[in-house]
K.L.:
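Here it is, the structure in full.
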Amino acid sequence: MAKQLIFLFVLLITLGVFAWTMSRIFSFFNLTKSAFPVRNIGKRINITLKVAIGQSKILRWPFTGLLHALVFWGFMVITFGSFEMVIDGLAGTERVLGTFGIVYDIIIGSGDVFAAIVLIAILVFLARRLFLSIGRFKGEEIKTISKIDANIALTMILLLMVSLLGMNIGYVALHGNNQIGVYPVSQWLAGYITSGMTIYGANIFHEVNWWAHILLIFIFANILPYSKHFHVFTSIPNVFLSRLEPLGYLPNMGNVMNEVKLMMNPEAANVEAPPISRFGVKDVEDTSWKNYADALACTECGRCTAVCPAAITGKKLSPRKIFVDLRARMKEKGPGLIKNGIDYSDNKSLIRDYISEEELWACTTCNACAQECPININHPTLILDMRRYLVMEEAAAPAGLNMMFTNIENNGAPWQRGPEERLEWTESLNA
Amino acid sequence: MTHTIKVPIMADLSQQGTKPEYLYWVGCAGAFDDRYQKVARAFVKILHHLGVSYAILGKEETCNGDPARRAGNEMLFHMQAAQVVQLLTRYEVKKMITTCPHCFNIFLNEYPDVGWRGEVIHHSQFLQQMIDEGKLKVPKDMFNNQKVVFHDPCYLGRGNNIYDAPRQVIDALETDRVEMPRNKSFALCCGAGGAQMFKEAEPGSKEVYAERTEEALATNAGIIATACPFCMTMLTDGIKYKNKEEEVKNLDIAEMIASSLGL
Ligand code: SF4
Ligand code: SF4
């Protein structure tokens with residue numbers, strides 16, 4: 001009974017802290033603008049199954065992709081056991097879901113095997129981060145704190161797996177032949193680890209690992225929202241909320257279209273359209289809920305930057321940085337905006353204080369980043385929205401582009417060539 | 001037997017009370033870029049060879065606003081788009097062919113938002129379709145198993161998932177087609193998209209086109225095939241920059257088809 005009460009107490013604290021953090025993070029969504037209506041649920045479920053559950057995009061990089069996929073699938077199976085632990089903890093039962101018989105055996109058995117696989121994968125990940133110099137783990141936006149963050153999260157997962165196996169080993173040692181569920185790896189390990197133990201010793205061994213495992217889960221869940229590993233929660237919803245248009249598509253600015261129509265024909269336009277506070281994106285309050293969701297989901301894996309032609313050729317642009325910056329800026333300005341209203345200013349902005357013009361103008365909109373992102377983050381659209389701000393609010397385009405604008409305005413072509421020359425290429429055409 | 005080709009103009013046809021099946025949207029590069037003019041010429045030669053019913057807008061064509069939009073000038077884009085939609089509506093255009101993936105993308109994906117929706121076909125798709133249907137028969141001896149490497153334009157490939165059509169067009173000719181390490185959805189941009197074509201590159205350690213050209217040259221292909229005016233400019237520059245103009249040619253797939261037909 002005492003154990004149950006302690007468990008309930010710890011669980012309530014965990015959930016309370018988690019809810020508080022979530023409400024804070026999610027309150028920032030109120031500051032954002034609309035993006036697109038979430039329709040086509042069938043298509044979205046398909047994408048989620050393929051990209052999130054099937055890990056199709058992460059597997060584009062076969063080696064690390066497979067390791068990550070194994071960790072992800074392992075987590076899905078292992079989570080079942082974690083739920084059972086919560087029920088056991090509250091009800092004072094042991095392996096309560098064992099009533100599901102063969103289904104339980106399969107899930108718990110594969111969870112036991114996955115624990116070992118995840119453990120090995122995490123060791124590889126840690127070794128890559130600690131001992132190898134891998135380009136995509138570096139960059140201006142990857143501060144020391146981000147590296148520590150990554151290593152802490154990996155270490156926690158490592159400990160989670162060790163304690164899970166420990167718990168299973170203890171369970172096998174205690175229950176011998178009448179155990180509930182199957183434990184292929186732990187059974188084997190128990191032969192080495194708990195063979196000489198007394199029942200009393202095995203009991204303590206089990207109990208310690210049981211508590212260590214569940215407490216680690218509780219702590220981990222509450223560290224995650226402050227870490228890049230928040231993607232454990234956010235990536236699946238983010239994939240579900242993917243933009244569905246082809247990557248080449250750029251969203252229309254209806255208000256600008258309306259303004260142009262009004263200019264050309266005052267009667268034709270829909271005069272009711274709401275006035276717009278600012279063209280494009282200058283700061284967090286101009287971004288859409290999707291931009292912010294992307295920023296929360298980004299795991300800083302750097303796949304986007306690794307394939308970016310601008311980044312590859314040494315330019316300042318890093319698509320990953322765009323979302324790391326957006327998340328940091330929201331954390332900085334969000335509370336002030338909530339407290340003082342949407343007109344609040346701290347004399348800083350996402351553009352310039354975080355993201356330079358030079359970065360924004362280096363993008364070729366090639367979509368390599370969006371193609372590669374394992375959780376379907378769309379970088380070019382946000383970059384374009386910031387260009388829209390620079391051009392339409394500040395007329396701050398590079399000289400070459402201003403020239404191109406003038407040419408289009410004056411003669412309907414980006415070059416200094418007029419309509420009367422448009423047929424030149426058709427002259428003396430023989431076949 | 002050579003004969004002069006007269007490219008049909010929409011306004012003329014409309015005056016005669018006829019309507020072509022396709023509008024060929026030449027694009028600013030096809031009309032004005034010295035190199036891409038040749039591609040436009042090659043392509044209309046193929047259209048005539050096939051007897052396709054088509055016309056161009058000629059002097060009425062104007063920029064569809066894509067470079068302005070990609071550079072952030074949504075206002076200018078909408079001013080151009082309004083004119084273009086008016087033209088397309090006036091001539092009741094239902095099917096359009098483009099030789100530029102940027103024009104293709106904006107008409108296909110973005111013009112529905114501004115008031116025109118129709119069938120939009122990139123010339124790689126068009127040629128592939130004609131080959132598939134058996135209408136376009138190409139002699140196979142022209143390229144004699146020459147090594148060809150295809151560079152994917154971003155707005156055709158990743159932008160719209162068209163990877164096979166241009167490859168199938170090349171494969172209709174007897175070539176030894178090879179791939180760069182970064183191909184299809186992994187392809188590296190030529191560096192010109194997103195209005196980069198019209199501005200200086202930001203400072204860096206290298207030009208994007210140089211990086212891509214090196215990759216293409218490393219395949220030892222004698223022909224770098226493209227299907228986009230901007231890619232063509234960048235890779236042609238890259239070949240010059242690497243002093244490989246003698247050994248390596250940069251051709252559009254339409255030019256390859258046209259020359260195999262002796263057009
Ligand atoms: S945006 Fe996507 S690809 Fe880039 S670092 Fe974040 S999660 Fe990785
Ligand atoms: S779209 Fe822009 S940011 Fe993304 S990879 Fe291409 S150049 Fe880099």
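Per chain, numbering begins at 1; letters A, B, ... match sequence-line order. Worth saying up front: this structure is predicted, and the values here are computed from it rather than measured.
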K.L.:
With a 4.5 Å limit on heavy-atom distance, are the side chains of A:Arg387 and B:Arg69 in contact?
P.N.:
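A side-chain contact under 4.5 Å is absent here.
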
K.L.:
Check for a donor-acceptor pair, side chain of B:Ser205 on one end and backbone N or O of A:Thr313 on the other, with a separation under 3.5 Å.
P.N.:
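The answer is yes, because a donor-acceptor pair under 3.5 Å joins these two groups.
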
K.L.:
Regarding B:His78 and A:Asn252, do their side chains bring together a donor and an acceptor under 3.5 Å, going by distance alone?
P.N.:
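Side chains of B:His78 and A:Asn252: pair found under 3.5 Å.
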
K.L.:
Just give me the residue among A:Cys366, A:Pro246, A:Gly400, A:Cys308 that pairs up with chain B most often, heavy atom to heavy atom, under 4.5 Å.
P.N.:
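Answer, by heavy-atom pair count under 4.5 Å with chain B: A:Cys366.
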
K.L.:
Against chain B, label A:Met386 side chain, backbone, both or neither, depending on which of its atoms sit under 4.5 Å from a heavy atom there.
P.N.:
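The answer is neither part of A:Met386.
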
K.L.:
What residue, out of A:Leu401, A:Thr426, A:Asn411, has the most heavy-atom pairs lying under 4.5 Å from chain B?
P.N.:
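Option with the greatest count: A:Leu401.
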
K.L.:
Any side-chain heavy atom of B:Phe186 sitting closer than 4.5 Å to one from A:Arg60?
P.N.:
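Yes. Closest side-chain heavy atoms under 4.5 Å.
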
K.L.:
Counting heavy-atom pairs under 4.5 Å with chain B, which one of A:Pro414, A:Pro419, A:Ala413 comes out on top?
P.N.:
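The answer is A:Pro414.
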
K.L.:
If we only count heavy atoms from C-beta on, is the A:Val307 to B:Arg182 side-chain gap below 4.5 Å?
P.N.:
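Result no, sub-4.5 Å side-chain heavy-atom pair not found.
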
K.L.:
With only heavy atoms counted, which part of A:Leu390 is less than 4.5 Å from chain B, the side chain, the backbone, both or neither?
P.N.:
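For A:Leu390, neither part sits under 4.5 Å from chain B.
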
K.L.:
Could you look at A:Trp415 and say if it's the side chain, the backbone, both or neither that has a heavy atom under 4.5 Å from chain B?
P.N.:
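Just the side chain, heavy atoms under 4.5 Å.
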
K.L.:
Compute the ring centroids of A:Trp425 and B:Phe32, then answer whether they are less than 6.0 Å apart.
P.N.:
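No.
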
K.L.:
Under a 4.5 Å heavy-atom cut-off, does chain B meet the side chain of A:Ala362, its backbone, both or neither?
P.N.:
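Looking at A:Ala362, backbone and side chain both touch chain B.
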
K.L.:
Can you give me the closest heavy-atom contact between A:Gly248 and B:Arg70, atom names plus distance?
P.N.:
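Heavy atoms of A:Gly248 and B:Arg70 come nearest at O-NH2, 2.8 Å.
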
K.L.:
For B:Val208, which atoms come within 4.5 Å of any heavy atom of chain A: side chain, backbone, both, or neither?
P.N.:
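Contact with chain A: backbone and side chain both.
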
K.L.:
Under 4.5 Å heavy-atom distance to chain B, tell me which part of A:Glu427 shows up: side chain, backbone, both or neither.
P.N.:
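The backbone, not the side chain.
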
K.L.:
Using non-hydrogen atoms and a 4.5 Å limit, figure out which bit of A:Pro309 sits close to chain B: side chain, backbone, both or neither.
P.N.:
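Answer is both: backbone and side chain atoms of A:Pro309 are under 4.5 Å from chain B.
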
K.L.:
Checking the side chain of A:Glu424 only, and the main-chain atoms of B:Ala31 only, is there a donor and an acceptor separated by less than 3.5 Å?
P.N.:
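Pair absent, no side-chain N/O of A:Glu424 close to backbone of B:Ala31.
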
K.L.:
For A:Met264, which atoms come within 4.5 Å of any heavy atom of chain B: side chain, backbone, both, or neither?
P.N.:
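Side chain only.
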
K.L.:
Take A:Arg422 and B:Glu61 through the salt bridge (Lys or Arg N to Asp or Glu O under 4.0 Å) test and state the conclusion after the steps.
P.N.:
CA-CA 8 Å; A:Arg422 274 199 185 260; B:Glu61 195 180 295; 3.6 Å; yes

K.L.:
Pick one of side chain, backbone, both or neither for A:Glu245, based on which atoms fall under 4.5 Å of a heavy atom in chain B.
P.N.:
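Contact with chain B is absent: no heavy atom of A:Glu245 under 4.5 Å.
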
K.L.:
Does A:Trp361 offer a backbone N or O that forms a donor-acceptor pair with the side chain of B:Gln196 under 3.5 Å?
P.N.:
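Indeed, once roles are kept as given, a pair shorter than 3.5 Å links the two residues.
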
K.L.:
Counting only non-hydrogen atoms closer than 4.5 Å, does A:Pro251 touch chain B with its backbone (N, CA, C, O), its side chain (CB onward), both, or neither?
P.N.:
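Looking at A:Pro251, just its backbone touches chain B.
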
K.L.:
Would you mind checking which part of B:Leu188 comes under 4.5 Å of any heavy atom in chain A, side chain (CB onward), backbone (N, CA, C, O), both or neither?
P.N.:
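Just the side chain, heavy atoms under 4.5 Å.
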
K.L.:
What residue, out of A:Leu247, A:Thr364, A:Leu317, has the most heavy-atom pairs lying under 4.5 Å from chain B?
P.N.:
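With the most close heavy-atom pairs to chain B, the winner is A:Thr364.
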
K.L.:
For B:Glu110 and A:Leu250, indicate whether the former's side chain and the latter's backbone hold a donor-acceptor pair under 3.5 Å.
P.N.:
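Looks like yes, one N/O pair under 3.5 Å.
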
